[in-house]
There are 2 protein chains.
Amino acid sequence: MTINPRSHTPVYVQLAELLRSRVESGDLPPGASLPSESHLSQEYGIGRDAVRAAIALLRAEGVMTTTKGRGTWVRETPRRSDAELAPGGSAIARMPSSRERREMDLDEGVPVLEIHSPDGEVQIVPADQTRITRPQSA
Amino acid sequence: MTINPRSHTPVYVQLAELLRSRVESGDLPPGASLPSESHLSQEYGIGRDAVRAAIALLRAEGVMTTTKGRGTWVRETPRRSDAELAPGGSAIARMPSSRERREMDLDEGVPVLEIHSPDGEVQIVPADQTRITRPQSA
DNA sequence: CCGCATTTGTACGTATGTATG
DNA sequence: TCATACATACGTACAAATGCG
């Protein structure tokens with residue numbers, strides 16, 4: 001698979017699709033590291049900007065994670081633990097603010113769940129580690 | 001409030017914080033339009049890159065939305081309708097793939113909810129329009 | 001319908017800062 | 001200390017969408 005600079009689809013989207021398909025096919029399993037930005041830049045003959053944009057796209061989807069000075073990896077999704085929704089309770093999902101992301105140490109592309117108890121208490125938890133459930137019988 | 005190019009916090013983060021506080025204070029209410037990128041670039045004496053990075057940050061948080069050729073606005077959050085979680089059902093939140101985002105016409109920074117019925121049916125809905133609930137009494 | 005100005009999107013280059021090992 | 005890799009930030013240029021006259 002190659003990249004066509006004259007296609008109507010942007011170069012960085014093409015690279016993102018290419019990498020995504022490699023992840024989905026299992027060629028790049030969770031935990032696998034990506035070549036460096038400059039390597040990808042040279043390998044595909046595109047600017048480093050385009051490489052960074054592609055990776056940023058995948059990070060925002062929760063597919064990749066990047067550490068400064070080290071590199072980029074296919075994200076390993078953590079196991080989800082069940083959170084039982086209390087009778088009369090509710091929950092919403094949203095993206096965290098920058099501060100919340102920092103304080104909760106969340107990867108990019110990870111939403112949070114706001115779980116509201118009937119008594120007014122609010123709990124904010126990482127959405128990638130949580131599954132909201134309701135038991136069969138009350 | 002101004003921007004300090006020699007601060008240890010990146011210029012684009014400073015601008016994002018500045019704009020976020022203007023949103024939170026009500027100075028930029030939902031629906032308000034931002035000055036153009038070149039305008040902000042000149043007003044604060046920073047590069048257009050930095051302006052775009054700041055706005056991208058706020059888009060990823062679901063605070064702003066941008067239309068090519070038109071501009072950027074403070075996002076108006078839609079009303080949430082209640083989705084009652086069935087007994088034995090569950091729900092998770094995650095970011096949509098690019099394709100899902102396109103097909104469901106979702107803004108950046110909007111997660112999706114996967115609602116699983118006990119019979120195995122899966123429903124994918126925009127998280128910004130949905131509130132998961134459980135009634136008081138079964 | 002056409003052309004124009006405005007605005008955002010893409011893509012390149014360069015330079016320097018900062019984290020990691 | 002050093003090489004590597006990602007982050008920030010400036011610049012330029014052109015493409016593409018929009019709205020208006």
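As a basis for the values below, the full set of heavy atoms in this structure was taken, side chains included, without hydrogen atoms, waters or symmetry mates. Proteins come first, then strands; the chains are lettered A, B, ... in the order of their sequence lines, and each starts at number 1.
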Candidate nucleotides D/dA17, C/dA15, C/dC12, ranked by approach to the side chain of A/Arg48 - the nearest: C/dA15

Could you work out which one of C/dT8, D/dG19, C/dA19 sits closest to the side chain of B/Lys68? C/dT8

Can you check the B/Glu37 CD to D/dC10 C1' distance for me, whole Å? 15 Å

Below 4.0 angstrom, N of the basic side chain to O of the carboxylate: do A/Glu84 and B/Arg134 qualify? yes

In whole Å, what is the span from the CG atom of B/Asn4 to the P atom of D/dA9? 11 Å

Using side-chain hydrogen bond (donor to acceptor under 3.5 Å, both in side chains) as the criterion, point out the one residue from B/Arg59, B/Arg101, B/Arg75 that pairs with B/Asp107. B/Arg75

Classify B/Gly47 by what it touches in the nucleic acid, base, sugar-phosphate, or nothing, heavy-atom distance under 4.0 Å. sugar-phosphate

Looking at B/Arg52 and D/dA9, is any side-chain donor or acceptor paired with a base atom of the opposite kind under 3.5 Å? no

Would you call B/Leu28 and B/Leu34 a side-chain contact if the rule is heavy atoms closer than 4.5 Å? yes

Check whether A/Val74 and A/Leu18 end up in the same hydrophobic cluster, where Ile, Leu, Val, Met, Phe, Trp and Tyr are linked by side-chain heavy atoms less than 4.5 Å apart. yes

Gap between atoms CZ and P, on B/Arg6 and D/dT8 respectively (whole Å): 19 Å

Distance check, rounded to the nearest 0.5 Å: B/Arg52 atom CZ versus B/Leu15 atom CG? 13.0 Å

Whole-Å distance separating the CD1 atom of A/Ile3 from the P atom of C/dT10: 14 Å

Nucleotide nearest B/Arg70 (side chain, heavy atoms from C-beta), chosen from C/dC12, D/dC6, D/dG19: D/dG19

Atom-pair distance (CD on B/Gln42; C1' on D/dC10), nearest Å: 15 Å

Checking contacts here: which listed nucleotide (D/dA9, C/dA11, C/dA15) is nearest the side-chain heavy atoms of A/Tyr12? C/dA11

Choosing from C/dG9, C/dC12, D/dC6, which nucleotide comes nearest the side chain of A/Thr72? D/dC6

Quick check on DNA chain C: between A/Gly45 and B/Pro35, whose nearest nucleotide comes earlier from the 5' end? B/Pro35

Expressed in angstrom and rounded to an integer, what is the separation of A/Asp49 atom CG from D/dC14 atom C1'? 15 Å

Given atom OH of A/Tyr44 and atom P of C/dC12, what is their separation to the nearest angstrom? 15 Å

d(CG, A/Leu15; P, C/dA11) in whole Å: 10 Å

